[in-house]
Trainee: 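Okay, here's the structure, questions in a sec.
A quick note: this is a predicted structure, and the numbers were derived from the prediction, not measured. Just follow the structure's listing: the first ligand is 1, and inside any ligand the first atom is 1.
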Amino acid sequence: MKGSQLYEGKAKKVFATDDPELLIVSYKDDATAFNGLKRGTIEGKGAINNKMSNALMRLLEKKGVPTHFVKELNDRETLVKKVQIVPLEVIVRNISAGSFSKRYGVEEGIVFSAPTIEFSYKNDALGDPLINEYHALALNLATPEEIADIKKYTFQINDVLKQFWASCGVTLVDFKLEFGRLSSGEIVLADEISPDTCRLWDSETGKKLDKDRFRRDLGGVEDAYQEIMGRMEQQIGAAE
Ligand code: 5GP
């Protein structure tokens with residue numbers, strides 16, 4: 001049973017349940033970018049992100065990656081395991097784009113010979129600054145064992161997702177993950193995997209099918225979310 005609201009974030013609300021180990025996540029259509037400076041609504045986004053994230057987490061579970069996913073309850077709501085979020089945003093890049101291109105002064109679209117991984121300190125007041133493993137340890141954000149688990153799962157997730165999106169005719173450019181600790185201490189994938197958190201480009205045309213359409217005012221935002229959802233739904237059964 002859905003209990004009281006515990007938290008409201010930029011894209012999701014979190015509710016308590018009867019079971020102290022379980023929570024309900026409710027996805028909103030609200031969209032923000034640039035640390036909340038740009039705000040808007042993407043009609044239908046909540047339902048799409050809910051369904052997509054759940055399908056991808058089920059796929060990852062089958063491939064041996066532990067996640068917080070328990071059960072999809074309805075269009076927008078999902079039952080998840082309660083975790084304590086590790087305050088690191090884990091970013092994987094296969095191709096240059098976004099802040100990587102800006103920081104290093106390179107064009108978007110350079111295909112890397114191996115994926116990169118970077119961490120941001122999840123802290124809105126500081127604007128999620130880039131952080132390295134030594135700093136994360138110094139700040140007690142995670143233990144060395146947790147960071148090792150996070151990196152291992154992250155590269156595994158990249159392999160699974162890259163292959164899955166390729167089967168949909170979509171190139172996985174980069175994405176952001178968040179991990180959490182269960183009450184047992186086990187590290188699991190948490191948060192969401194969606195066009196809000198991934199850059200997804202049509203493999204043939206390079207068309208952006210993700211939140212960059214909103215961030216950069218490219219138009220066709222809703223259509224892009226529908227399109228990427230449609231592509232995923234066609235392939236997900238075969239992948240599982
Ligand atoms: P960049 O660092 O280039 O802005 O983002 C790299 C990737 O991580 C992109 O796929 C982007 O969607 C995702 N990402 C990075 N930070 C955030 C964040 O705070 N929120 C969301 N939703 N995605 C993020």
Side-chain angles (χ1 to χ4, degrees), residues 7-14 25-42 45-46 48-50 52-53 56-57 85-112 115-132 136 141 150-151 153-155 157-158 160-162 164-165 168 170-180 189-203 206-218 221 224-225 228 232:
Y7 169 79
E8 177 161 8
K10 286 173 250 179
K12 298 189 281 294
K13 293 178 187 173
V14 179
V25 174
S26 178
Y27 286 74
K28 308 193 287 185
D29 285 351
D30 297 354
T32 64
F34 313 119
N35 201 16
L37 282 178
K38 183 178 167 82
R39 289 169 186 277
T41 303
I42 302 174
K45 173 172 87 80
I48 287 175
N49 286 7
N50 184 39
M52 184 178 293
S53 192
L56 295 176
M57 291 220 185
I85 289 284
V86 177
L88 293 171
E89 296 195 338
V90 185
I91 294 165
V92 179
R93 300 179 194 272
N94 296 304
I95 296 178
S96 64
S99 69
F100 183 96
S101 289
K102 210 168 164 195
R103 186 177 313 120
Y104 301 116
V106 296
E107 80 248 40
E108 298 202 317
I110 302 167
V111 180
F112 302 147
T116 70
I117 190 166
E118 73 206 35
F119 298 105
S120 291
Y121 177 25
K122 200 173 144 58
N123 183 317
D124 279 341
L126 299 176
D128 298 341
L130 204 60
I131 190 170
N132 71 28
L141 304 183
I150 287 172
K151 287 203 293 191
Y153 291 142
T154 295
F155 285 119
I157 291 164
N158 187 42
V160 172
L161 295 183
K162 223 167 45 173
F164 172 71
W165 283 117
C168 304
V170 170
T171 302
L172 178 60
V173 174
D174 57 28
F175 57 97
K176 185 258 304 178
L177 301 173
E178 293 183 25
F179 290 86
L189 178 64
D191 195 47
E192 66 178 281
I193 309 175
S194 72
D196 276 16
T197 63
C198 303
R199 285 197 172 93
L200 300 162
W201 295 353
D202 182 285
S203 303
K207 183 180 173 190
K208 297 184 198 317
L209 298 171
D210 57 58
K211 196 174 159 192
D212 271 353
R213 301 207 75 82
F214 169 78
R215 294 186 187 105
R216 301 180 186 188
D217 294 321
L218 298 176
V221 184
Y225 275 71
I228 198 79
M232 191 207 73

Trainee: Can any side-chain N or O of Lys211 pair as donor or acceptor with the backbone N or O of Thr32 at less than 3.5 Å?
Mentor: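 Yes; judged by distance alone, with no hydrogens or angles, the pair exists.
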
Trainee: Could you tell me the residue and atom name of the protein heavy atom closest to atom 13 (C) of ligand 1, and the distance to it rounded to 0.1 Å?
Mentor: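 For this ligand atom, the closest protein heavy atom is Lys176 CB, 3.5 Å.
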
Trainee: Tell me, please, which residues at least two apart from Phe164 pass ring pair (Phe, Tyr, Trp, His ring centres under 6.0 Å).
Mentor: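 With sequence neighbours excluded, Phe164 shows a ring pair (Phe, Tyr, Trp, His ring centres under 6.0 Å) to no residue whatsoever.
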
Trainee: For Thr197, take its heavy atoms, then give the atoms of ligand 1 lying under 4.0 Å from any of them.
Mentor: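 Per the distance check, 10 (O), 12 (O), 13 (C), 22 (N), 23 (N).
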
Trainee: Among all protein heavy atoms, pick out the one at the shortest distance from atom 9 (C) of ligand 1; state its residue, atom name and that distance to 0.1 Å.
Mentor: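 The closest one turns out to be Asp174 OD1, 3.2 Å.
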
Trainee: Side chains of Ser53 and Ser194 only: does a donor on one sit below 3.5 Å from an acceptor on the other?
Mentor: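 Judged by distance alone, the side chains do not pair up.
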
Trainee: Which ligand 1 atoms does Cys198 reach within 4.0 Å, using its non-hydrogen atoms?
Mentor: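 Checking each atom against Cys198, I get 10 (O), 12 (O).
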
Trainee: Of all the non-hydrogen atoms in the protein, which one sits nearest to atom 16 (N) of ligand 1, and at what distance?
Mentor: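 Protein heavy atom at minimum distance: Glu89 OE1, 3.5 Å.
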
Trainee: Number the atoms of ligand 1 from 1 as they appear, then name those within less than 4.0 Å of a heavy atom of Gly98, with their elements.
Mentor: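 Close to Gly98: 3 (O).
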
Trainee: Got a sec, which residues hit ring pair (Phe, Tyr, Trp, His ring centres under 6.0 Å) with Tyr7, two or more places apart in sequence or on another chain?
Mentor: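 Here no residue qualifies.
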
Trainee: Starting from atom 6 (C) of ligand 1, find the nearest protein heavy-atom neighbour and note its residue, name and distance.
Mentor: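 So the nearest neighbour among protein heavy atoms is Arg199 NH1, 3.6 Å.
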
Trainee: Tell me if the centroids of the rings in Phe214 and Tyr225 come within less than 6.0 Å of each other.
Mentor: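 Ring centroids of Phe214 and Tyr225 are no less than 6.0 Å from each other.
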
Trainee: Verify, without hydrogens or angle tests, whether Arg213 (side chain) and Lys208 (backbone) share a donor-acceptor contact under 3.5 angstrom.
Mentor: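 Yes, because the side chain of Arg213 sits within donor-acceptor range (under 3.5 Å) of the backbone of Lys208.
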
Trainee: Only heavy atoms of Asp128, strictly under 4.0 Å: list the atoms of ligand 1 that pass.
Mentor: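 In order of numbering, the contacting atoms are 19 (O).
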
Trainee: Around atom 22 (N) of ligand 1, find the nearest protein heavy atom and jot down its residue, atom name and distance.
Mentor: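 That would be Asp196 O, 2.9 Å.
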
Trainee: Classify the side-chain pair Ser99/Arg93 by whether it contains a donor and acceptor separated by less than 3.5 Å.
Mentor: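 Present: a donor and an acceptor within the cut-off.
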
Trainee: So, 4.0 Å and heavy atoms of Arg93: is ligand 1 close enough to count as a contact?
Mentor: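 Yes, Arg93 has a heavy atom closer than 4.0 Å to ligand 1.
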
Trainee: Does a donor on one side chain and an acceptor on the other come within less than 3.5 Å for Asn158 and Tyr153?
Mentor: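 The criterion, which ignores hydrogens and geometry beyond distance, is not satisfied for Tyr153 and Asn158.
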
Trainee: Note the single closest protein heavy atom to atom 2 (O) of ligand 1, along with its residue, its atom name and the distance in Å.
Mentor: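 Heavy-atom neighbour on the protein nearest atom 2 (O) of ligand 1: Ser99 OG, 2.5 Å.
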
Trainee: Nearest 0.5 angstrom please: Leu172 CG to Ile95 CD1, how far?
Mentor: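 Answer for the CG-CD1 pair, Leu172 versus Ile95, is 8.0 Å.
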
Trainee: Among protein heavy atoms, which lies nearest atom 12 (O) of ligand 1, and at what distance?
Mentor: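 Nearest neighbour among protein heavy atoms for atom 12 (O) of ligand 1, to 0.1 Å: Arg215 NH2, 2.9 Å.
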
Trainee: Numbering the atoms of ligand 1 from 1, which are under 4.0 Å from a heavy atom of Phe175?
Mentor: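 In order of numbering, the contacting atoms are 8 (O), 10 (O).
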
